[in-house]
Amino acid sequence: GENVEQHPSTLSVQEGDSAVIKCTYSDSASNYFPWYKQELGKRPQLIIDIRSNVGEKKDQRIAVTLNKTAKHFSLHITETQPEDSAVYFCAAGNTDKLIFGTGTRLQVFP
Amino acid sequence: GAVVSQHPSWVICKSGTSVKIECRSLDFQATTMFWYRQFPKQSLMLMATSNEGSKATYEQGVEKDKFLINHASLTLSTLTVTSAHPEDSSFYICSAALTGGQPQHFGDGTRLSIL
């Protein structure tokens, strides 16, 4: 069935360093790839998304790259700050539904 | 914009009770609403997709008679956990999307504890 794999499961970085989270998906019909940030006990919040007709998208310190041929996409956070600490989820899908990755717990140490 | 309200935020009840959770889109009309279940430190598992005025589409393994979903208007969907048991204890979270299905905007979730 449809599957989204996400790595790493945990990631610790020093403040100011970059963080990269990678996801692979199985359903070649997927055309929408959002990333969500979830702080403890709170709602997932959309931080960036990319559609299949685009290879890369950037929003300030956050960027996402998509390789449809290889069926993988990545989240890049530059100049990390302690407030970036949270669980990040990738997802792949279309207008009907999203399949979420298993999450990455990012910890940014001051 | 795109605010989704979910109520209640926390429910504790006895085994056998039915519990209703509401999901409202406050500032937009949601053609589609989604219901997820999230276990501690795990991912969001899609339970069902509901479209206004039609029957919900359930994911494989989700009992439709156990988890009743109603999407009576473009701003409200409800999930009723019928005859809840301790194994139904979880974090239930809804999301809503405009026409086109994406992006999904999430509610704050409901923590359900069945004693």
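Predicted, not measured: the structure shown is a model, and the values here were computed from it. We name chains A, B, ... by the order of the sequence lines, and we start the count at 1 in each one.
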Short side-chain to backbone donor-acceptor contact, A:T102 and B:S43, under 3.5 Å: no

What one should report as the nearest heavy-atom pair of B:P103 and A:Y32 is CB-OH, 3.1 Å

Interface moiety of [X] toward chain B, non-hydrogen atoms closer than 4.5 Å:
| X | answer |
| --- | --- |
| A:P44 | both |
| A:L98 | both |
| A:Q6 | neither |

With a 4.5 angstrom heavy-atom cut-off, could you sort out which part of [X] is near chain A: side chain, backbone, both or neither?
| X | value |
| --- | --- |
| B:Q60 | neither |
| B:Q38 | side chain |
| B:I93 | side chain |

With a 4.5 Å cut-off on side-chain heavy atoms, are B:M45 and A:F100 touching?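 A side-chain contact under 4.5 Å is absent here.
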
With side chains defined as the heavy atoms from C-beta onward, is the minimum distance between B:H105 and A:Q45 less than 4.5 Å? no

To the closest 0.5 Å, what do you measure between CG (B:L44) and CD1 (A:I99)? 11.0 Å

If you round to the nearest 0.5 Å, how far is CD of A:E2 from CD of B:E59?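 Rounded to the nearest 0.5 Å, the CD-CD separation comes to 7.5 Å.
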
